[in-house]
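What follows is a set of notes on a single structure, which appears directly below.
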Amino acid sequence: MIDLVKKLTEAYGPSGREEEVLNLILSELDGYIDGYKFDNLGNLLVWKTGSSGKKVLLDAHADEIGLVVTNIDEKGFLRVETVGGVPPHPYVGQRIRFPNAVGIVYVEGETVEERKKNFSNLNFDNMFVDIGAKSYEEAKSKVPIGSFGVYDSYFFQNGNLLVSKAMDDRIGCAVIVEVFRRLKKVQNTVIGSFSVQEEVGLVGASVAAYSLNPDVCIAVDVTDSADYPKATKRHSMALGKGPAIKIKDRASISNRKIVEKLIETAEASKIPYQMEVLIFGGTNAAALQRTRAGIPAATVSIPTRYVHTPSETVCLDDVEHTVELLIEYSQKGV
């Protein structure tokens, strides 16, 4: 499974440009699904058909945060805006990968005082990207206005920890792929939704479940981990304690029956788990709840350190236990 996580996290797939990731997922599922389709927004939907008539949808978003080029100056330096809700601080000094170039993000400042001021008041008005171009024309030929870039970061394993860009939410995608690989005979039909444009407003998930009309939906996403120095003191989530069963976040409240069944399933199968109340953010569960006449939805999260940085960090044990929990729930919990 580690090889799968490496492939998915290192793939290029900012919001609205997820094709490389989705095609990779589809190739990894070859021989493990009964059918698939791409909907009108670009979401990839796959399924394995059961006999009960019940349908369980597991959703993970395939997109990642990024930057988009808004302007190019006469010397070939790029001006950018975020794709997804990310502060500017993690980008300083980082490499950004565009389809046809790699650039370095840095901060303006003609004097020491101006540089200090800009570093203490970072925003994309005083930041730029250097792709090594010497003119507007050269930069435009490589990275025209409207080009999307992502962190130029690589996957590595640090003991039991997995580190990379785009764990949010390629680790959720990897979990769902692995669920399909391990499912044998299925009682309930299991649908995998690999949705687009979550980072810019839960766009893909708002229609992903519509045509297949599942009985329940579970969003599989990352959540904050509060187990490092001076982390959010109102959060309890930590690496290594198992998947986090979400009660609520800023966007949705998980369906009580699903939450209770997830807890019951975890305890019956001796799968470690933890409870999650997130005081910010949201997942695709908020969009899935509003699909059609309303679909019962909840979130199962993988605690993650350093979310929206080039080095998002998860625990391999939590990933494995999330796979186990979702396999058990999808066949027994509906």
Side-chain angles (χ1 to χ4, degrees), residues 43 45 47 50 52 54-61 168-169 171-176 178-180 183 187-195 198 202 204-210 212-225 235-237 241-269 271-304 314 318-319 321-334:
N43 300 306
L45 300 167
W47 55 87
S52 70
K54 297 287 188 181
K55 300 177 185 176
V56 180
L57 182 139
L58 307 175
D59 172 271
H61 66 89
D168 178 16
D169 185 29
I171 196 63
C173 294
V175 163
I176 296 176
E178 194 66 15
V179 167
F180 274 87
L183 278 171
Q187 176 183 345
N188 302 315
T189 293
V190 182
I191 302 164
S193 166
F194 301 95
S195 52
E198 187 268 357
L202 316 183
S206 63
V207 302
Y210 195 94
L212 297 176
N213 197 23
D215 295 281
V216 296
C217 298
I218 294 180
V220 187
D221 210 331
V222 303
T223 191
D224 184 47
S225 179
H235 284 168
S236 64
M237 296 81 76
K241 293 185 177 180
I245 300 172
K246 186 182 296 253
I247 301 298
K248 74 173 294 292
D249 53 33
R250 293 294 290 273
S252 69
I253 296 174
S254 293
N255 179 273
R256 180 186 290 179
K257 291 182 179 179
I258 299 177
V259 167
E260 291 172 351
K261 199 67 180 180
L262 284 166
I263 293 171
E264 178 187 319
T265 301
E267 292 181 348
S269 302
I271 299 169
Y273 70 94
Q274 53 192 309
M275 304 307 296
E276 174 193 357
V277 178
L278 188 68
I279 63 173
F280 47 71
T283 73
N284 276 339
L288 296 168
Q289 287 175 331
R290 296 175 174 88
T291 299
R292 299 178 71 97
I295 301 173
T299 300
V300 172
S301 304
I302 299 161
T304 305
V314 302
D318 294 338
V319 177
H321 288 134
T322 303
V323 173
E324 293 168 13
L325 177 59
L326 293 176
I327 288 173
E328 292 297 315
Y329 175 85
S330 66
Q331 292 309 294
K332 301 174 183 177
V334 184

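What you see below is based on every heavy atom in this structure, not just the backbone, and it leaves out hydrogens, waters and symmetry mates. All values derive from a computational prediction rather than experimental measurement.
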Is the shortest distance from a Lys or Arg side-chain nitrogen in Glu260 or Lys257 to a carboxylate oxygen in the other one below 4.0 Å?
-> no
Would a 4.5 Å heavy-atom cut-off, applied to side chains only, mark Asp168 and Asp221 as touching?
-> yes
So side chain to side chain donor-acceptor pair (under 3.5 Å) across residues 321-334, not counting sequence neighbours, yields Glu328-Lys332
Between the side chain of Ser52 and the main-chain N/O of Lys54, is any donor-acceptor distance below 3.5 Å?
-> yes
With Val220, which of Thr299, Leu326, Asp59 fulfils side-chain contact (heavy atoms from CB on, under 4.5 Å)?
-> Leu326
Step-by-step side-chain contact (heavy atoms from CB on, under 4.5 Å) determination, Asp169 to Ile171 | CA-CA 5 Å; Asp169 185 29; Ile171 196 63; 4.1 Å; yes
Any donor-acceptor N/O pair, Asn284 side chain to Ala287 backbone, under 3.5 Å = no
About how many Å separate CG of Asn43 and CZ of Phe194, when rounded to the nearest 0.5 Å?
-> 11.0 Å
Before giving the answer on side-chain contact (heavy atoms from CB on, under 4.5 Å), spell out for Asp215 and Val56 the whole-Å C-alpha distance, their side-chain angles and the decisive distance to 0.1 Å.
-> CA-CA 6 Å; Asp215 295 281; Val56 180; over 6 Å; no
Is a side-chain N or O of Gln274 found less than 3.5 angstrom from the main chain of Gly242, in a donor-acceptor match?
-> yes
Which atom names give the shortest non-hydrogen contact between Pro243 and Pro272, and what distance separates them?
-> CD-O, 3.1 Å
Kindly indicate whether the side chain of His235, heavy atoms from C-beta on, has any atom under 4.5 Å from the side chain of Leu278.
-> yes
Measure the shortest side-chain to side-chain distance between Ser193 and Leu45 over non-hydrogen atoms and say whether it is less than 4.5 angstrom.
-> yes
Separation of Lys246 NZ from Ile218 CD1 (nearest 0.5 Å) | 13.0 Å
How long is the span from the CG atom in Asn255 to the NZ atom in Lys261, to the nearest 0.5 Å?
-> 13.0 Å
Quick one: closest heavy-atom pair of Gly204 and Ser195, and the distance?
-> C-CB, 4.2 Å
Between atom NZ of Lys248 and atom CD1 of Ile279, what is the distance when rounded to the nearest 0.5 Å?
-> 9.5 Å
Minimal heavy-atom distance between Thr291 and Ser206, with the atoms involved, is OG1-O, 3.8 Å
Return yes if some donor-acceptor pair links the side-chain N/O of Arg292 with the main-chain N/O of Tyr210 below 3.5 Å, else return no.
-> yes
Do Leu325 and Val323 have side-chain heavy atoms sitting under 4.5 Å apart?
-> no
Heavy-atom count around Lys241 NZ within 6.0 Å, excluding the residue itself: above 12?
-> no
If you measure from CE on Met275 to OG on Ser254, what distance do you get to the nearest 0.5 Å?
-> 8.5 Å
Closest non-hydrogen atoms of Ile295 and Ala209, given as atom of the first, atom of the second and distance, are CD1-CB, 4.0 Å
Euclidean distance, Asp249 CG relative to Ile247 CD1, rounded to 0.5 Å = 11.0 Å
What are the two closest heavy atoms between Gln289 and Ala297, and how far apart are they?
-> CG-CB, 3.6 Å
For the student: nearest non-hydrogen atoms of Thr223 and Glu276, plus distance = OG1-OE2, 2.6 Å
